[in-house]
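Below is one structure, written out as structure tokens; comments come after it.
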Amino acid sequence: MATDSWAQAVDEQEAAAESIGSLQIKEKPEENGKCADNSQKTSDPKKDKAAQSLLNKLIRNNLVNNTNQVEVLQKDPNSPLYSVKSFEELRLKPQLLQGVYGMGFNRPSKIQETALPMMLAEPPQNLIAQSQSGTGKTAAFVLAMLSHVDPNNKYPQCLCVSPTYELALQTGKVIEQMGKHYPEVRLVYAIRGNKLQRGMKLQEQIVIGTPGTMLDWCGKFKFIDPKKIKVFVLDEADVMIATQGHQDQSIRIQRMLPKNCQMLLFSATFEESVWNFAQRIVPDPNIIKLKREEETLDTIKQYYVLCNSREEKFQALCNIYGAITIAQAMIFCHTRKTAGWLAGELSREGHQVALLSGEMQVEQRAAVIDRFRDGKEKVLVTTNVCARGIDVEQVSVVINFDLPVDKDGNPDNETYLHRIGRTGRFGKRGLAINMVDSRMSMNILNRIQEHFSKKIEKLDTDDLDEIEKIAS
Ligand code: ADP
């Protein structure tokens, strides 16, 4: 591929400004500006986060593998720290133990080992817990709520607030599944659209909903007597705080609750603002954190290919596919338009291609990812935003059809690591191939290389032997 003017120029470490100048600009302004992915244009941080969170819930059916230690900060540092290795040790009600096993859980997850004994302790303890999504937080607080309700009392005893209607429904499903053998406990959704008659009192023991409706039901409409609440759960605090109104509403709900009500707050991330909010919601907390598993480039072989246009990049890709067997690959593009085009070209070449793109509904995206994970398609073409947070273990090759840049055009090192780091998981070796199509993108590549102090080797995709070697 590295045969023509600009590529050679870079090859010789010489910037032949004229020949490069003309081609570097041709595609980029339109690419960067016009139909950039949804993160850059229609960006609403709360919506993005909520959508990401929902996507994780819709596609993930396995616990996230995390080998880090749980960090614990106890309210009372002198009290012994309990952690459990089995659900039996928690002395759960038999109906709940049955529910837990029925869901296929054999033993508590990392975060659950420490969080569950704290949440089930007598007297109840407050908790702030942070761990990435997929580590078992929801299952943990659902179990705590189900354990604390008295089914003989026909009034709300547990409140759980979620940032969106869809997320509330997902948590509700977990409650229903885990409480399957405990039918005396009932659940109601405090969400807009669920209109109740004035003056009525709820009989369900667990109420799950969004902060605005929950506040109205506790305050204005008095469907719930907040003084009888024993457990208050605030889920997805980091998504919640992206909306100022939600923060205020949550705090107002919390203020109506009795002093001895157990307060539990969960978050996938823990920046300063989340922490400040958490402290206002949860007095005297125990705090537990589980750091995200570090991503590393150590087990990844990285290459770059020099090209002059997207057509050449596509040709390079075809050459790679012609030379080596690729079980499954993810290909990242900067814009929806390129992603759509590339998916079309690859399909024409006979590949089974899945396309993830920004305008798709979360449910559609989840369906695409599930099909890919099931191996129904071998290539996933995607823009960055859509693919964030997807762990596809069987992916052996990641291709950056466009290098990741931030909105100012600087290298997005974090995204690079996240895209590539996923291939080398669990001791497997991964392969990453970067397409470089201008002096600008060569510069980005060099900066990425410097940032990680890891060499990215040049690959000549016209040389079949050379491609074959990289796969060995
Ligand atoms: P989070 O709330 O941190 O995103 P979840 O509670 O939704 O995590 O759990 C992630 C996935 O792992 C879900 O599919 C859930 O059913 C499953 N899961 C949770 N706890 C366990 C466990 N102890 N053993 C096996 N799977 C679990």
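We count ligands from 1, going down the list as the structure has it; atoms in each ligand are counted the same way. Quantities reported herein were computed from a predicted structural model and do not represent experimental measurements.
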>> Residue-level breakdown please: for Phe87 versus ligand 1, do any non-hydrogen atoms fall below 4.0 Å on the side chain, on the backbone, on both, or on neither?
In response: side chain
> Numbering the atoms of ligand 1 from 1, which are under 4.0 Å from a heavy atom of Ser109?
Replying inline: 23 (N)
>> Checking the N or O distance criterion of under 3.5 Å, is ligand 1 in contact with Ser131?
In response: no
>> Taking the basic N atoms (NZ, or NE/NH1/NH2) and the acidic carboxylate oxygens, is any pair closer than 4.0 Å for Glu271 and Lys49?
In response: yes
>> If I apply the N/O under 3.5 Å rule, does Gly104 come out as touching ligand 1?
In response: no
>> Using a strict threshold of under 4.0 Å (side-chain N to carboxylate O), is an ion pair present between Glu359 and Arg365?
In response: no
>> Under the rule for ring pair (Phe, Tyr, Trp, His ring centres under 6.0 Å), what residues qualify as partners of Phe277, not counting sequence neighbours?
In response: none
> Should Ala139 be counted as touching ligand 1, given the test is an N or O pair under 3.5 Å?
Replying inline: yes
> Using the ring of each side chain (for Trp, its six-membered ring), is Phe401 parallel, tilted or perpendicular to Trp341, with breaks at 30° and 60°?
Replying inline: tilted
> Should you measure from each heavy atom of Ser133, which atoms of ligand 1 turn up under 4.0 Å away?
Replying inline: 4 (O)
>> Which residues pass the salt bridge (Lys or Arg N to Asp or Glu O under 4.0 Å) test with Glu71, not counting sequence neighbours?
In response: Lys291
> Can an N or O of Arg107 be found at a distance shorter than 3.5 Å from an N or O of ligand 1?
Replying inline: yes
> N/O to N/O below 3.5 Å, does that happen between Asn106 and ligand 1?
Replying inline: no
> So between Phe105, Tyr101, Phe266, whose heavy atom ends up nearest atom 22 (C) of ligand 1?
Replying inline: Phe105
>> Between ligand 1 and Gly136, is the shortest N or O to N or O distance under 3.5 Å?
In response: yes
> Can you list the atoms of ligand 1 that are under 4.0 Å from a heavy atom of Thr135?
Replying inline: 1 (P), 3 (O), 8 (O)
> Hey, which of Glu88, Glu89, Glu113 is the one that makes salt bridge (Lys or Arg N to Asp or Glu O under 4.0 Å) with Arg107?
Replying inline: Glu113
>> Is the positively charged end of Lys137 above the ring of Phe266, judged by distance under 6.0 angstrom from the centroid and angle within 45° of the axis?
In response: no
>> Quick one, His351 with Tyr321, criterion side-chain contact (heavy atoms from CB on, under 4.5 Å). Give me CA distance, side-chain angles, the key distance, then yes/no.
In response: CA-CA 10 Å; His351 292 281; Tyr321 263 100; 3.4 Å; yes
